[in-house]
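Below you'll find the structure, written out as structure tokens, and then a few comments.
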Amino acid sequence: MTDWAETYDQSWAAREAVFAALLEQEDSLARVLARFDNFERGHRLLTKDGEVRYFAKPQAPDPIGALNPTTQQAFHGQMLAASDYFEFRRDRLLADLSQTADCVIELGSGYGRQVFALWLAGANAQARYVAAEPSAIGRRLTQRLAALEPRLKLECHPFDFRSATLPAVAPDQRVLLFSSWASMYAAPLDRSLFRAIAAHPGPVTCVFIEPFGFQLNPQAPFAAQQRGQMEAQAMNTDFFEALRKEGTAAGLELVSVAPDLFGRTDETLQLASIIIAEKAGQDACAEM
């Protein structure tokens with residue numbers, strides 16, 4: 001199978017089937033998400049005979065063995081042996097950033113995993129949440145899961161990095177916009193994304209959590225391997241360069257760059273960096 005869109009839709013159909021079974025047994029969003037995560041730890045989504053479906057991994061997860069600090073993981077660019085239970089709390093980072101936002105938008109939201117995670121981590125209960133996702137199945141699944149959290153004000157909108165159009169936001173609203181393992185698929189990158197962000201009159205904080213370490217530091221230990229994997233799968237290789245040029249020209253200021261902040265080094269596409277950029281609101285600009 002060579003059609004990317006068809007493969008993507010099939011992968012979402014496979015996920016939806018797993019979630020359907022879980023939702024018959026659970027009425028807690030936290031438990032549904034945790035059990036789905038557990039399922040994916042023991043299974044791999046693969047294409048076989050033209051069909052995308054889950055296959056059990058050769059060995060089930062070993063809780064006791066996972067305690068041993070043998071897995072090479074990244075921490076602020078340094079490599080160390082750590083337990084498989086070592087984890088970076090990006091949900092808490094995003095929840096903290098949401099406290100001053102009126103609207104939180106995730107680009108490439110999938111089934112809403114990160115929106116739900118930051119909500120459950122104590123995100124701003126008064127904010128409006130937007131899951132922007134290309135897959136209709138992914139958006140449908142997001143809405144079904146969101147029904148388990150009636151206080152969460154969540155909307156789903158179609159979105160495609162290759163032709164970026166942001167959901168409408170009130171001019172005076174403060175926006176937190178983020179992607180998590182989604183901008184990596186934006187190839188070719190539609191530079192209008194940065195202009196669309198800059199067009200919002202209010203302040204915007206952008207957080208990109210992606211395997212872009214090779215773009216930030218080409219000399220890093222796993223940079224060549226990571227770039228090779230991205231190129232082999234026709235993924236993005238110029239996001240950071242575009243952000244520095246088109247983003248800066250559009251008024252986005254880089255405020256934090258953390259290469260290879262966390263993730264396993266034996267799976268370089270899971271080796272994540274965090275890039276944060278901000279755009280001041282028009283009123284703030286006028287006061288300068």
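One-based numbering along the sequence shown. What's counted below: heavy atoms across the whole structure, side chains too, no hydrogens, waters or symmetry copies.
Lys279 places a side-chain N or O within 3.5 Å of a backbone atom of His200 that can act as its donor or acceptor partner. The backbone N or O of Arg53 sits nowhere less than 3.5 Å from a side-chain atom of Lys48 that would complete a donor-acceptor pair. Remark: side-chain polar atoms of Arg139 are paired, donor with acceptor, to backbone N or O of Glu133 under 3.5 angstrom. Distance alone, capped at 3.5 Å, is enough to place a donor-acceptor pair between the Ser98 side chain and the Asn124 backbone. Judged by distance alone, the side chain of Asn236 and the main-chain N or O of Ala187 form no donor-acceptor pair under 3.5 Å. For Gln10 (side chain) and Val52 (main-chain N/O), a donor-acceptor pair under 3.5 Å exists by modelled atom type.
Between atom SG of residue Cys103 and atom CG of residue Leu176 there is a gap of 9.0 Å, rounded to the nearest 0.5 Å. Atom-to-atom distance recorded for Phe239:CZ and Ser273:OG is 12.0 Å, nearest 0.5 angstrom. With rounding to the nearest 0.5 Å, the separation of CD1 in Ile197 from OG in Ser192 is 10.0 Å. With rounding to the nearest 0.5 Å, the separation of CG in Leu145 from CZ in Arg140 is 12.0 Å. From Leu33, atom CG reaches atom CG of Leu120 across 6.5 Å, with rounding to the nearest 0.5 Å. Remark: Glu16 CD to Asp9 CG distance equals 11.0 Å, nearest 0.5 Å.
Partners of Asp96 under the salt bridge (Lys or Arg N to Asp or Glu O under 4.0 Å) rule, at least two apart in sequence or in another chain, do not exist in this structure. With sequence neighbours excluded, the residues forming a side-chain hydrogen bond (donor to acceptor under 3.5 Å, both in side chains) with Ser11 are Arg15, listed by chain and number. Phe39 meets the ring pair (Phe, Tyr, Trp, His ring centres under 6.0 Å) test with His43, Tyr54; sequence neighbours excluded. Listed by chain and number, the residues in a side-chain hydrogen bond (donor to acceptor under 3.5 Å, both in side chains) with Gln59 amount to none (sequence neighbours excluded). Checked against side-chain hydrogen bond (donor to acceptor under 3.5 Å, both in side chains), Arg144 has no partners two or more places apart in sequence or in another chain. By the ring pair (Phe, Tyr, Trp, His ring centres under 6.0 Å) test, His157 is found to be paired with no residue, residues two or more places apart in sequence or in another chain being considered. Scanning for ring pair (Phe, Tyr, Trp, His ring centres under 6.0 Å) contacts around Phe19 gives Phe36, Tyr111, with sequence neighbours left out. Every residue was checked against the salt bridge (Lys or Arg N to Asp or Glu O under 4.0 Å) condition with Arg44, not counting sequence neighbours, and none meets it. Scored by the side-chain hydrogen bond (donor to acceptor under 3.5 Å, both in side chains) test, Asp266 finds Arg264 as partners (sequence neighbours excluded). The ring pair (Phe, Tyr, Trp, His ring centres under 6.0 Å) test applied to Phe178 returns no partner, not counting sequence neighbours.
Donor-acceptor pairing under 3.5 Å is lacking for the side chains of Trp181 and Glu210. No donor-acceptor contact under 3.5 angstrom links the side chains of Gln126 and Asp102, judged on distance only.
Side-chain contact between Ile274 and Val207 is present, with heavy atoms from C-beta onward closer than 4.5 Å. Considering only heavy atoms from C-beta on, Leu193 comes within 4.5 Å of Leu166 through its side chain. Contact of the Gln143 side chain with the Glu155 side chain is not registered, since no non-hydrogen atoms from C-beta on lie closer than 4.5 Å. No side-chain heavy atom of Val175 sits less than 4.5 Å from a side-chain heavy atom of Thr205. The closest side-chain heavy-atom distance from Leu118 to Glu106 is not below 4.5 Å. Using a 4.5 Å cut-off on side-chain heavy atoms (C-beta onward), Phe262 and Ile209 make contact. Annotation: side chain of Leu154 is not in contact with side chain of Trp119 (no heavy-atom distance under 4.5 Å). When side chains are defined from C-beta on, Thr265 does not count as touching Gln270, because their heavy atoms never get closer than 4.5 Å.
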Contacts table for residues 221-228: side-chain donor-acceptor under 3.5 angstrom, sequence neighbours left out:
from: Gln226; atom 1: OE1; to: Gly213; atom 2: N; distance (Å): 3.2
from: Gln226; atom 1: OE1; to: Phe214; atom 2: N; distance (Å): 3.0
from: Gln226; atom 1: NE2; to: Thr268; atom 2: O; distance (Å): 2.8
from: Gln226; atom 1: NE2; to: Leu271; atom 2: O; distance (Å): 3.1
from: Arg227; atom 1: NH1; to: Glu231; atom 2: OE2; distance (Å): 3.3

Solution key, residues 241-261 side-chain donor-acceptor pairs under 3.5 Å, sequence neighbours excluded:
from: Glu241; atom 1: OE2; to: Lys245; atom 2: NZ; distance (Å): 3.1
from: Thr248; atom 1: OG1; to: Arg244; atom 2: O; distance (Å): 2.6

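Not less than 6.0 angstrom separates the ring centroid of Phe212 from the ring centroid of Phe240. In this structure, the ring of Phe86 has its center no less than 6.0 angstrom from the ring center of Phe88.
The heavy-atom pair separating Val104 from Ala127 by the smallest distance is CG2-CB, 4.4 Å. Between Phe208 and Ser183, the shortest heavy-atom contact is CD2-OG, 3.8 Å. Contact detail for Gly110 and Thr142: the closest heavy-atom pair is O-OG1, 3.3 Å. Contact record, Ser135 with Tyr8: CB-CE2, 3.5 Å, taken as the closest heavy-atom pair. A pairwise comparison of heavy atoms in Phe161 and Ala182 identifies CE1-O, 3.6 Å as the closest pair. Nearest approach of Met230 to Pro211, heavy atoms of both residues: CE-O, 4.2 Å.
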Residue pair Asp238, Arg191: steps toward the salt bridge (charged side-chain N to carboxylate O under 4.0 Å, His left out) verdict: CA-CA 11 Å; Asp238 65 345; Arg191 265 53 171 187; 3.0 Å; yes

side-chain contact (heavy atoms from CB on, under 4.5 Å) for Leu269 and Met235? Distances and angles first, verdict last. CA-CA 10 Å; Leu269 293 187; Met235 294 179 181; 4.2 Å; yes

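Residue Asp62 places its CG atom among more than 12 non-hydrogen atoms of other residues, nucleotides or ligands, all under 6.0 Å distant.
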